[in-house]
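Read the numbers this way: they start at 1 and go in the same order the structure lists the ligands and their atoms.
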Amino acid sequence: MLDKTKRGWFKSAVLYQIYPKSFQDTNGDGVGDLKGVISRLDYLQKLGIDGIWLSPVFASPQKDNGYDISDYCAIDPMFGPMEDMEALIAEAKKCGISIIMDLVLNHSSDQHPWFREAIKSKDNPYHDYYVWRDGEPDCPPNDMRAAFGGSAWAYVPHLGQYYFHQFAPEQPDLNWENPDMRRGLYGFIRFWVEKGVEGFRLDVIDQIAKEPDNFITGNGPKLHEFLRELSREAFCEEGLVTVGEAWGADVERAKLYSAPDGSELSMVFQFEHICLDQEEGKSKWEAIPLSLPKFKACMERWQHGLHGKGWNSLFMDNHDLPRIVSRWGDDGAYRVKSAKMLATMLHGMEGTPYVYQGEELGMTNIRLPLESYRDVEILNLYAERTAEGEAPEAVMEKIYARGRDNARTPMQWTAGENAGFTTGEPWLPVNPNYSVINAEAALADPDSVFYAYQKLIALRKEYAVIREGSFTLLCPEDEQVFAYTRDLGHAHLLVAANFTAEDAPFEIPEAFAGAKVLISNDGAPGKGLRPYEAYMLYIED
Ligand code: TEU
Ligand code: CA
C-alpha cells in the first residue's frame with residue numbers, strides 16, 4: 001500500500017475517473033449515485049487502482065452535468081446525502097483508494113449564492129466576485145465566443161452590464177483578481193480536506209487568470225501567481241494530489257505546474273496529443289486521421305520534457321472525450337486486441353496513468369438519435385451548425401465521432417437489463433453492445449481487457465523502470481509501430497505496439513534477445529508485429 005502522507009505517492013499510482021451520473025445507480029432513478037460507487041469499490045480494488053477522480057457531485061442545477069456548482073460544500077441530493085460522501089471517503093480509504101474530488105474554480109453556477117447576490121446590484125459586496133462590463137443591449141464588450149457556442153458575454157438589463165462566461169451562460173466566470181473570492185474558494189477546499197479527501201482535479205485551471213479585455217482566456221499573465229497562492233493556502237498537506245486540466249499547457253508551462261518543489265500542482269492534464277487528430281487551429285469537430293509519427297513525437301517531447309523536471313499525467317479517455325478504442329483503435333473485429341494495445345502503449349510510459357470508467361472494458365462510442373443526447377455542448381453544436389446551413393447528417397456524424405456523450409453512456413456491469421446500471425430509466429441510453437461488453441463477462445474471461453489493465457497496473461508497482469526510467473523513442477518515422485524503451489540502471493524495458501490492422505515489420509533490438517515478456521496481447525513475440533499486437537519486454541544487463 002502506498003504511503004499517501006508523503007508527497008509524490010502519485011508517481012507510483014494509477015488513478016481511475018468516475019463520472020458518477022453514469023457509474024452505478026442504487027435507488028432506481030436512472031442516475032448514478034454515491035452508494036453506487038461504494039457498491040463497486042471491490043471491483044475497483046480488484047483492478048488495482050490507488051485513487052478515484054470523482055467528477056463533480058456538488059449541489060448543481062446540472063446545466064453542464066455538475067460542472068456548474070451552486071454549493072461547493074454540499075452534495076447534490078441526486079447523488080445522495082453528505083453521509084454517503086463521508087461513507088465513500090471512509091470505505092475507499094479502507095480499500096487503499098483515495099478520493100480526489102473535481103473542483104470547478106474557474107466559474108460557478110448562476111444559482112450559486114455568490115452570483116445570486118452579485119446580480120442584485122453593482123455595489124453588492126459579491127458583485128466583483130464575477131467579471132462584469134458596462135454595456136448596451138446587443139452590443140457585448142467584444143466578440144469573444146463561449147466554448148458551448150454563442151457570445152461569451154451575457155447581458156443583465158437591470159444592471160446595464162454584461163458578465164463573462166467561457167462556457168454556458170449558466171456558468172459565470174469567477175473573478176480571480178478578487179482576493180476575497182479566492183479566499184472563499186480556499187475555504188471550500190479546506191472543508192473537503194478536513195473530510196478526508198486526498199486530492200483534487202481542477203477544472204480548466206489554466207483559464208482562471210482570464211483577461212477578456214485583452215481576449216485572454218487560457219494562460220493569463222497571473223496564472224502561476226494565482227496557482228502558487230492556491231497551493232500555499234489550500235493544498236497544504238504534502239500528500240495531497242492535485243491535477244489541473246490545462247488545455248493550453250505546453251511542456252515549458254507544465255514544468256511550472258508540476259514543479260517537483262510542490263509550489264503549484266502535482267501534474268496537469270495536457271491535451272496536445274489528444275488534439276493531433278483534428279485540423280490545425282480548428283475545433284475538435286473537424287477530425288482528421290491521426291498521424292502516428294506526430295503522436296510519437298508529441299509523447300516523446302512530453303516524456304523527455306518532464307523527466308526529472310515535472311510530472312506527466314497519462315490518459316486517452318475522460319468524460320469529455322470519445323472512447324479511445326473507437327477513436328484510435330478498432331471497435332469492430334479488433335476491439336479487445338486494440339484496446340489492450342492502446343493501454344500497453346500508454347502504461348509503459350513515465351507519469352500517472354488515468355483509467356476512465358469503462359476504458360478497462362473496451363467500452364465504445366455510440367450513435368444515438370439527436371433527441372437522446374443530453375450534453376449541452378452537443379445540443380448547442382447541432383443547433384448552431386444546422387442554423388448555419390450544415391447538413392444535419394454531417395453534423396450528426398461529427399457528434400457520433402467526437403461528442404462527449406460517447407463517454408457518458410452508463411457503465412456496463414452485466415448483460416442484464418440496462419447493463420445492471422439501473423432498474424429505472426437511464427438518464428442517457430445504455431450502449432446496446434452491453435450484452436457483450438460488460439464487467440461481469442470481463443471478470444469471467446482471463447483474456448479480457450480488464451485483466452490486461454489489471455496486469456499493467458500491477459507491473460507499474462513491480463517495476464521501477466516503468467515508474468522512473470528514461471524514455472527513448474524507436475523508429476520515429478514508422479507509420480504503423482509505436483516502439484520505445486525505458487532504462488533505469490541495469491533494467492531495460494521495450495514497449496512495442498502496432499496501431500494498425502495490418503502486419504507491421506519490426507525488429508526486436510538485439511539488447512532484448514531473451515528478454516522476459518511482461519505482457520502481450522498476442523502470445524509470444526515473433527518476427528514483426530501482427531495486427532494491433534503489443535507487448536512489453538524486460539531485461540537486466
Ligand atoms: O472541460 C473544459 C473544456 O474545455 C472541454 O469541455 C472542452 O471545451 C470540450 O470538451 C472540447 O471541446 C471542463 C470539463 O471537463 C467539462 O466537462 C466542462 O463542461 C467544462 O470544463 C466546463 O466546466
Ligand atoms: Ca440514483
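- Taking the ring axis of W413 as reference, the NZ or CZ atom of R40 stays within 45° of it and closer than 6.0 Å to the ring centre.
- For the pair H165 and ligand 1, no heavy-atom separation below 4.0 Å is found.
- Neighbours of the Ca ion (ligand 2) restricted to protein N, O or S atoms under 3.0 Å: the count is 5.
- Counting only heavy atoms of the protein, atom 9 (C) of ligand 1 lies nearest to E377 OE2, 3.2 Å.
- Counting only distance, with no hydrogens or angles, the side chain of T352 and the backbone of F10 share a donor-acceptor pair below 3.5 Å.
- A ring-centre distance under 6.0 Å is found for F164 and W153.
- Scanning the protein for heavy atoms near atom 1 (O) of ligand 1, the closest one is E245 OE2, 3.1 Å.
- With salt bridges taken as basic N to acidic carboxylate O contacts below 4.0 Å, one links R201 and D203.
- Interatomic distance, CG of L174 versus CG of L185, reported as 6.0 Å (0.5 Å rounding).
- Between the side chains of Q166 and D173, at least one donor-acceptor pair of N or O atoms lies under 3.5 Å.
- Residues Y163 and F115 are in side-chain contact: their nearest non-hydrogen atoms beyond the backbone lie under 4.5 Å apart.
- Shown in contact with H107 at under 4.0 Å from a heavy atom are these atoms of ligand 1, numbered in order with element: 22 (C), 23 (O).
- The shell of residues lying under 4.0 angstrom from ligand 1, judged by heavy atoms, excludes Q278.
- In summary, the atoms of ligand 1 found under 4.0 Å from a heavy atom of R408, numbered by their order in the structure, are 17 (O).
- With ligand atoms numbered from 1 in the order given, ligand 1 contributes 6 (O), 10 (O), 16 (C), 17 (O), 18 (C), 19 (O) to contacts under 4.0 Å with heavy atoms of R404.
- Ligand 1 is never approached by Q166 to a heavy-atom distance shorter than 4.0 Å.
- In this model, a donor atom of one side chain and an acceptor atom of the other lie less than 3.5 Å apart for Q412 and N433.
- Using a cutoff of 4.0 Å between basic side-chain nitrogens and carboxylate oxygens, R402 and E377 are not scored as salt-bridged.
- Nearest to atom 7 (C) of ligand 1 among the protein's heavy atoms is W247 CZ2, 4.0 Å.
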Inset, instruction - May I have the step-by-step check of side chain to side chain contact (heavy atoms under 4.5 Å, CB included) for V268 and E245, ending in yes or no? - result: CA-CA 6 Å; V268 289; E245 179 194 29; over 6 Å; no
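- Less than 4.0 angstrom separates some heavy atom of H319 from each of these atoms of ligand 1: 14 (C), 15 (O), 16 (C), 17 (O).
- In this structure, the protein non-hydrogen atom closest to atom 15 (O) of ligand 1 is D320 OD2, 2.5 Å.
- The K284 neighbourhood of ligand 1 comprises atoms 9 (C), 10 (O), 11 (C), 12 (O), with distances under 4.0 Å to a heavy atom of that residue.
- If you number the atoms of ligand 1 from 1 as listed, the ones under 4.0 Å from a heavy atom of F148 come out as 19 (O).
- Under the 6.0 Å distance and 45° angle rule, K21 counts as a cation-pi partner of W427.
- No side-chain heavy atom of W53 sits less than 4.5 Å from a side-chain heavy atom of M101.
- Taking 4.5 Å as the limit, every side-chain heavy atom of N27 sits out of range of all side-chain heavy atoms of K35.
- Geometrically, ligand 1 and Q207 share no nitrogen or oxygen pair separated by less than 3.5 Å.
- Of the protein's non-hydrogen atoms, D203 OD1, 3.0 Å is the one closest to atom 14 (C) of ligand 1.
- Of all the atoms in ligand 1, the ones that sit under 4.0 Å from a non-hydrogen atom of D64 are 18 (C), 19 (O), 20 (C), 22 (C), 23 (O).
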